[in-house]
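Scroll down for the structure; my scribbles are underneath it.
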Amino acid sequence: MGVMTTIAIGPPALGLTLTADATVSADGWLVRELTAAPGLDGPPGILQGGFSAGVGAAVAAVADPFGAPLTSLEMRLHAPTPLGRTLQARVRSSEVPARYEVETRDGDTLLVSGEVELAGHEPAARAYDLAELARVAIPDAEPQDRFPSCWVCGPEPTHPHGQRLHPRHVGPDAVSIPWVADEELGGERSVVDPLVVAAVLDCPGVWASIAHVEAQGHVGCLLAGYRLTMFRDAPVMEPLRTVARMDEGDGRKIRARSALVDEDGVTYAVAAALHISVPEMPAAP
């Protein structure tokens, strides 16, 4: 038996792969095996939430014959995505042109499901309240210990490209975090891969909401729903900000918006997230 060929989704340095060969299910899904390497944590041993959602866009892009840039993704996270395990990634065309249904599974367990649009970037964003957060003086860093190994915001990530984007609060319900994306997080055109954008816009919403989480007597919150809209490509090796505001806290349900912006007011991407507050961190599946 020959060695199974894999292809990287997102920057190869991350360690997210799909098998090159695919099968087609009886109900029209194109199915490949998916593996997320150790080190891409949110909670230990669990794929970080933005990555879990963003994988859908990468899976759709592999199946798309036209190569158009990501417009948007809208995902529901049903169960934690385990690291270092062979999973299934499924994609099929929807009834709307340039839109794909996607899902990931661990055996019979549905992990993430949703829809991806690959039709080119949206027109200019109107997230003015988020863009304003890019112009404030950089707040002091607040290293956290709730997600110590998180690829995005953990102070002690195990992945060699962990970002250590510590929370930096602008008041009780907003954050503004400086970021320069490494060259390894881009592609041939030296722009940040959308899968990385999806990841780095998840955690700021958590930290913008942490006061509400603590008011519930909880330790953190987990991503349950995520919509990411892309407006333009973000450059690597240039100063950017990941910013977020909590819009609403209703018991355990928290809604927050985040954006990738620069200090000139350019908005590259905006995310809207539903987080669920939890009394303790989940164990790895």
Side-chain angles (χ1 to χ4, degrees), residues 10 49-51 53-54 56-58 60-61 67-76 96 98-100 114-139 152-153 163 165 167-171 173-181 185-187 189-209 223 225-248 254-275:
F51 277 139
L70 174 65
T71 308
S72 64
L73 61 83
E74 188 156 8
M75 298 291 168
R76 289 186 62 193
V96 179
R99 292 189 180 181
Y100 293 87
E115 188 171 84
V116 173
E117 182 176 6
L118 298 171
H121 295 152
E122 288 281 12
R126 294 179 174 84
Y128 302 120
D129 63 327
L130 294 176
E132 289 174 356
L133 292 172
R135 300 188 180 97
V136 303
I138 296 175
V152 174
C153 65
Q163 295 298 289
L165 298 182
R168 295 172 184 259
H169 276 88
V170 183
D173 60 356
V175 295
S176 182
I177 303 166
W179 183 46
V180 176
L185 303 182
R189 296 186 298 119
S190 296
V191 296
V192 184
D193 192 281
L195 182 55
V196 176
V197 174
V200 299
L201 291 187
D202 171 23
C203 295
V206 173
W207 301 117
S209 309
L223 190 62
Y226 199 55
R227 178 176 175 83
L228 174 71
T229 304
M230 297 292 298
F231 298 99
R232 61 185 69 200
D233 290 325
V236 299
M237 301 304 294
E238 295 289 342
L240 303 169
R241 301 265 190 116
T242 63
V243 301
R245 291 186 185 274
M246 187 186 81
D247 288 330
E248 181 183 9
I254 299 166
R255 298 190 182 276
R257 289 173 299 122
S258 56
L260 181 61
V261 295
D262 67 21
E263 295 179 0
D264 294 325
V266 176
T267 300
Y268 298 93
V270 170
L274 169 64
H275 297 282

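Of all heavy-atom pairs spanning Val152 and Cys203, the tightest one is CB-SG, 3.6 Å. Here the closest non-hydrogen pair linking Leu133 and Ala244 is CD1-O, 3.6 Å. Pairing each heavy atom of Val200 with each of Leu165, the nearest pair is CG1-CD1, 4.2 Å. Taking both residues in full, the closest heavy atoms of Leu195 and Gly54 are given as CD1-C, 3.2 Å, listed atom of the first, atom of the second, then distance. Looking at every heavy atom in both residues, Pro139 comes nearest to Val170 through CG-CG2, 3.7 Å. Minimum interatomic distance between Ala53 and Met75 (heavy atoms only, all atoms of both residues): O-CG, 3.6 Å.
Here the straight-line distance linking atom CG of Leu260 with atom CZ of Phe231 works out to 11.5 Å at 0.5 Å rounding. Between the CD1 atom of Ile177 and the CD1 atom of Ile138 there is a distance of 11.0 Å, given to the nearest 0.5 Å. Considering NE2 of His121 and OG1 of Thr71, their distance stands at 7.5 Å, rounded to 0.5 Å. Rounding to the nearest 0.5 angstrom, the gap separating the CE atom in Met230 from the OG atom in Ser72 is 11.0 Å. Taking CG of Leu223 as the reference point, atom CG of Asp202 lies at 4.5 Å (rounded to 0.5 Å). The structure places OG1 of Thr242 at 11.0 Å from CG of Leu130, a figure rounded to the nearest 0.5 Å.
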What verdict does the side-chain contact (heavy atoms from CB on, under 4.5 Å) test give for Val261 and Val243, after you've listed the backbone C-alpha separation in whole Å, the side-chain angles of each residue and the deciding distance to 0.1 Å? CA-CA 8 Å; Val261 295; Val243 301; 4.1 Å; yes

Verdict with supporting geometry, Tyr268 and Leu240, side-chain contact (heavy atoms from CB on, under 4.5 Å): CA-CA 10 Å; Tyr268 298 93; Leu240 303 169; 3.7 Å; yes

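Evaluated for a side chain to side chain contact (heavy atoms under 4.5 Å, CB included) with Ser209, the options Arg255, Met246, Glu248, Arg245 yield exactly one hit, Met246.
Between Ser190 and Met237 the shortest side-chain heavy-atom distance does not fall below 4.5 Å. Taking 4.5 Å as the limit, every side-chain heavy atom of Gln163 sits out of range of all side-chain heavy atoms of Val196. Between Arg76 and Leu274, the closest side-chain pair of non-hydrogen atoms is not below 4.5 Å. Proximity of Leu201 to Leu228: side-chain heavy atoms (C-beta onward) are separated by under 4.5 Å at one or more points.
In this structure, the side chain of Tyr226 does not engage the main chain of Gly49 through any donor-acceptor pair within 3.5 Å. At distances below 3.5 Å, not a single donor-acceptor pair connects side-chain atoms of Asp264 with backbone N or O atoms of Val266.
Under the salt bridge (Lys or Arg N to Asp or Glu O under 4.0 Å) criterion, Arg257 pairs with Asp129, Asp247, sequence neighbours left out. For Arg99, the side chain to side chain contact (heavy atoms under 4.5 Å, CB included) test picks out Ser94, Val96, Glu115, Glu117, with sequence neighbours left out.
Judged as a salt bridge (charged side-chain N to carboxylate O under 4.0 Å, His left out), the pairs with a partner in residues 231-244 (not counting sequence neighbours) are, in order, Arg189-Asp233, Arg241-Glu263.
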